[in-house]
Amino acid sequence: MSQSPSAPLTLESALRELDRHPQAAEIDLLACDLNGILRGKRIPREALGKIFSDGLKMPRSVLCLDIWGHDAHDNGLVWESGDGDGSCKPCGEGLVPVPWSPRPRLQLLTMMQNLDGTPFSCDPRQALAGIVKRFHALGLTPVVASELEFYLMAGDSAGGGQPRPPAAPKSGYALDAPRVYALDELDEFDVVLTAIRDACAAQNLPSEAISVENGRGQFEVNLLHVADPLIAGDHAVMLRRLVRGVARAHDLHGTFMAKPYGDSAGSGLHVHCSLLDKDGRNVFDDGGDAGTDLLRHAIAGMIETMPEAMLMLAPNLNSYRRLLPGQHAPVAASWAYENRTSALRIPASGPKARRFEHRVAGADANPYLVLAAILAGALHGIETKANPPAPVAGNGYADGAAALPLPTTFETAVEAFEQGKILRKYFGEAFMRAFGAVKRQEMEELRRRVTDVEYQTYLGFL
């Protein structure tokens with residue numbers, strides 16, 4: 001298992017790791033913003049000690065920019081507070097190499113705090129840390145694993161603004177049909193996929209299976225479970241950077257966009273979670289297949305909070321193109337045993353591995369906020385001893401009586417988040433205001449933009 005957040009990194013351990021990489025002249029300092037975009041600075045290796053003592057100073061508003069990098073003017077951090085600095089301190093599992101860099105380089109995750117040393121609540125990792133702390137106060141430790149889907153595309157896809165599948169690297173055939181779980185396609189892309197696997201090993205990311213998914217050039221990486229949601233979030237954030245970096249090094253483009261092709265499968269971020277007590281026992285395990293009352297309380301809480309949490313699970317306009325009936329992505333808050341048409345699935349497993357799988361989030365979502373939203377919902381259900389509706393059977397997309405409808409547009413998700421009452425108790429007013437402002441600004445800007453398809457559809461006829 002990975003280290004606990006109660007055992008912070010030390011300068012001594014970081015210097016020992018630095019000594020193992022004498023050729024690395026620079027270190028990338030990374031801080032994750034609300035959109036899941038990594039921001040930071042590149043420093044010479046000689047400056048590492050200062051980062052541990054003083055932190056990396058950046059405006060707090062840097063973690064609350066909109067998707068384009070503009071100030072979110074209503075977030076309360078720019079004009080009202082004078083756009084003051086925060087201090088980003090090292091966190092996570094420490095220095096790791098950047099294998100895709102042509103020049104030897106290291107990277108280090110950081111987490112922002114206020115200058116007085118208190119947590120900066122709008123840092124998404126700090127938001128997750130606050131939820132995890134509440135579990136620890138109950139004597140519970142969440143154990144988390146994630147599965148991330150992504151697309152590999154032709155290398156010029158991002159620059160041209162149009163996604164285009166790459167040709168199969170070895171035989172050159174066009175990727176024109178789903179090849180889910182096809183080993184031949186793994187063989188075709190083995191050079192880049194092996195580089196992804198090797199980079200995961202170099203960065204201590206516990207990757208397990210890599211598989212071909214339903215889309216053209218779509219793959220999935222499974223990350224093994226860890227008994228620390230913060231470290232699990234770090235792994236997912238680092239994996240997204242890793243995939244994009246390795247893809248660029250192989251003249252490809254890697255994307256975690258939720259729905260890059262309208263006629264192909266979307267990319268999800270599925271989360272598996274169980275809970276351990278102080279003695280290391282899984283509190284969802286009742287010795288049978290049903291699971292404990294505590295499991296059902298957690299499920300009830302996640303269902304109740306899912307509508308207002310939707311903006312954290314599906315944070316962009318494009319996210320909602322994935323959330324359509326029959327597209328293997330949930331459109332209602334439901335649960336079931338061993339049924340992938342439900343939002344919350346209880347996988348078939350031995351009792352000791354009893355857990356839930358949360359299947360709503362897109363791969364475009366901020367992993368820290370996905371975990372925070374899921375765990376806040378579970379905690380709400382446990383604290384209130386809530387009871388869920390009956391589990392769905394058969395086609396969960398058609399079983400509307402057993403499910404709570406979810407926002408299926410960007411606009412309704414923004415409204416549900418801003419009007420929500422439950423999550424506000426777990427995330428605090430500052431976070432709710434900042435994240436809501438970021439997403440509302442994005443929504444309003446996109447409302448003003450006329451799309452190509454509107455011109456193609458209407459301009460010649462109206």
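What's counted below: heavy atoms across the whole structure, side chains too, no hydrogens, waters or symmetry copies. What you are looking at is a predicted structure, and each value in this text was computed from that prediction instead of being measured.
Q218 pairs by the side chain to side chain contact (heavy atoms under 4.5 Å, CB included) definition with E149, Y151, E213, N214, A265, S267, not counting sequence neighbours. With sequence neighbours excluded, no residue satisfies salt bridge (charged side-chain N to carboxylate O under 4.0 Å, His left out) with E304.
Between V246 and A199, the shortest heavy-atom distance links the atoms CG2-CB, 4.1 Å. Closest non-hydrogen pair, L276 versus V283, comes out as C-CG1, 4.4 Å. Contact detail for Y320 and T409: the closest heavy-atom pair is CD2-N, 3.6 Å. In plain terms, the two heavy atoms of G436 and F417 that are nearest each other are N-CE2, 3.7 Å. Residues L77 and C64 come closest through the heavy atom pair CD1-SG, 3.4 Å. Scanning all heavy atoms of the two residues, the minimum distance from T255 to M153 falls at CG2-CE, 3.6 Å.
Note: S319 OG to M310 CE = 8.5 Å, rounded to the nearest 0.5 Å. L446 contributes atom CG, which lies 9.0 Å from atom CD of E411 (distance to the nearest 0.5 angstrom). Remark: L63 CG to C32 SG distance equals 8.0 Å, nearest 0.5 Å. Atom CD of residue Q162 and atom OH of residue Y261 lie 10.5 Å apart, to the nearest 0.5 angstrom. Summarising the geometry, atom CG belonging to L30 is positioned 13.5 Å from atom CD1 belonging to I37; distances are rounded to the nearest 0.5 Å. Distance CD/E208 to CD/E147: 9.5 Å, rounded to 0.5 Å.
In this structure, R197 and I210 have side chains that are in contact, with non-hydrogen atoms separated by less than 4.5 Å. Annotation: side chain of R345 is in contact with side chain of S342 (closest heavy-atom distance under 4.5 Å). L344 places none of its side-chain heavy atoms less than 4.5 Å from the side chain of E357. Considering only heavy atoms from C-beta on, R241 comes within 4.5 Å of W100 through its side chain. Annotation: side chain of E442 is in contact with side chain of N35 (closest heavy-atom distance under 4.5 Å). Looking only at side-chain heavy atoms (C-beta outward), R240 and P367 come within less than 4.5 Å of each other. Proximity of V221 to L239: side-chain heavy atoms (C-beta onward) are separated by under 4.5 Å at one or more points. Side chains of I27 and R105 form no contact here, defined as non-hydrogen atoms less than 4.5 Å apart.
Ionic pairing of D263 and R216 is present here: one or more N-O contacts between side-chain nitrogen and carboxylate oxygen are shorter than 4.0 angstrom. Using a 4.0 Å cut-off between a side-chain N of Lys or Arg and a carboxylate O of Asp or Glu, E444 and R440 qualify as a salt bridge. Residues R42 and D28 are paired through a salt bridge, judged by an N-O separation under 4.0 Å between the basic side chain and the carboxylate. Taking a cutoff of 4.0 Å between a charged side-chain nitrogen and a carboxylate oxygen, E445 and R449 qualify as a salt bridge. R424 and E418 are not joined by a salt bridge, as no carboxylate oxygen comes within less than 4.0 angstrom of a charged side-chain nitrogen.
Relative ring orientation between H380 and Y426 is described as perpendicular, the plane-to-plane angle rising above 60° on a 0-90° scale split at 30° and 60°. In this pair, F356 and F284 present their aromatic rings tilted. The plane angle is within the 30 to 60° band.
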*side chain to side chain contact (heavy atoms under 4.5 Å, CB included) between V96 and N204, intermediate numbers included*: CA-CA 8 Å; V96 294; N204 300 316; 4.3 Å; yes

_Apply side chain to side chain contact (heavy atoms under 4.5 Å, CB included) to residues H253 and L152 and explain how you reach the verdict._
CA-CA 6 Å; H253 177 65; L152 293 177; over 6 Å; no

*Checking side chain to side chain contact (heavy atoms under 4.5 Å, CB included) for the pair M312/N366: CA distance, chi angles, key distance, verdict?*
CA-CA 7 Å; M312 289 188 273; N366 183 324; over 6 Å; no

_side chain to side chain contact (heavy atoms under 4.5 Å, CB included) between L311 and K439, intermediate numbers included_ = CA-CA 8 Å; L311 192 61; K439 291 292 126 185; 3.7 Å; yes

_For a ring pair (Phe, Tyr, Trp, His ring centres under 6.0 Å) check, start with the C-alpha distance between F435 and F427, then their side-chain angles and the critical distance, and finish with the verdict._
CA-CA 10 Å; F435 188 67; F427 288 88; 8.9 Å; no

*Dump the intermediate steps for salt bridge (Lys or Arg N to Asp or Glu O under 4.0 Å) on D85 and K57, then the final yes or no.*
CA-CA 6 Å; D85 276 348; K57 300 289 177 47; over 6 Å; no

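In this model, a donor atom of one side chain and an acceptor atom of the other lie less than 3.5 Å apart for Y368 and D234. With 3.5 Å as the limit, one finds no donor-acceptor pair spanning the side chains of R103 and Q23. In this model, a donor atom of one side chain and an acceptor atom of the other lie less than 3.5 Å apart for D66 and Q441. Between S157 and R164, the side chains place no donor N or O within less than 3.5 Å of an acceptor N or O (distance only, hydrogens not considered). Between the side chains of T412 and E415, no donor-acceptor pair is found at a separation under 3.5 Å. A donor and an acceptor atom, one from each side chain of N282 and R355, are nowhere located under 3.5 Å apart. Residues H297 and E383 bring no donor and acceptor atom of their side chains to less than 3.5 Å of each other. The closest side-chain donor-acceptor pair between S61 and D83 falls under 3.5 angstrom.
Residue R45 qualifies as enclosed at atom CZ: its count of foreign heavy atoms under 6.0 Å is above 12. Within a 6.0 Å sphere centred on NZ of K425, other residues, nucleotides and ligands contribute more than 12 heavy atoms.
Of the possible donor and acceptor atoms, one in the side chain of S334 sits under 3.5 Å from a partner among the backbone N and O of A343.
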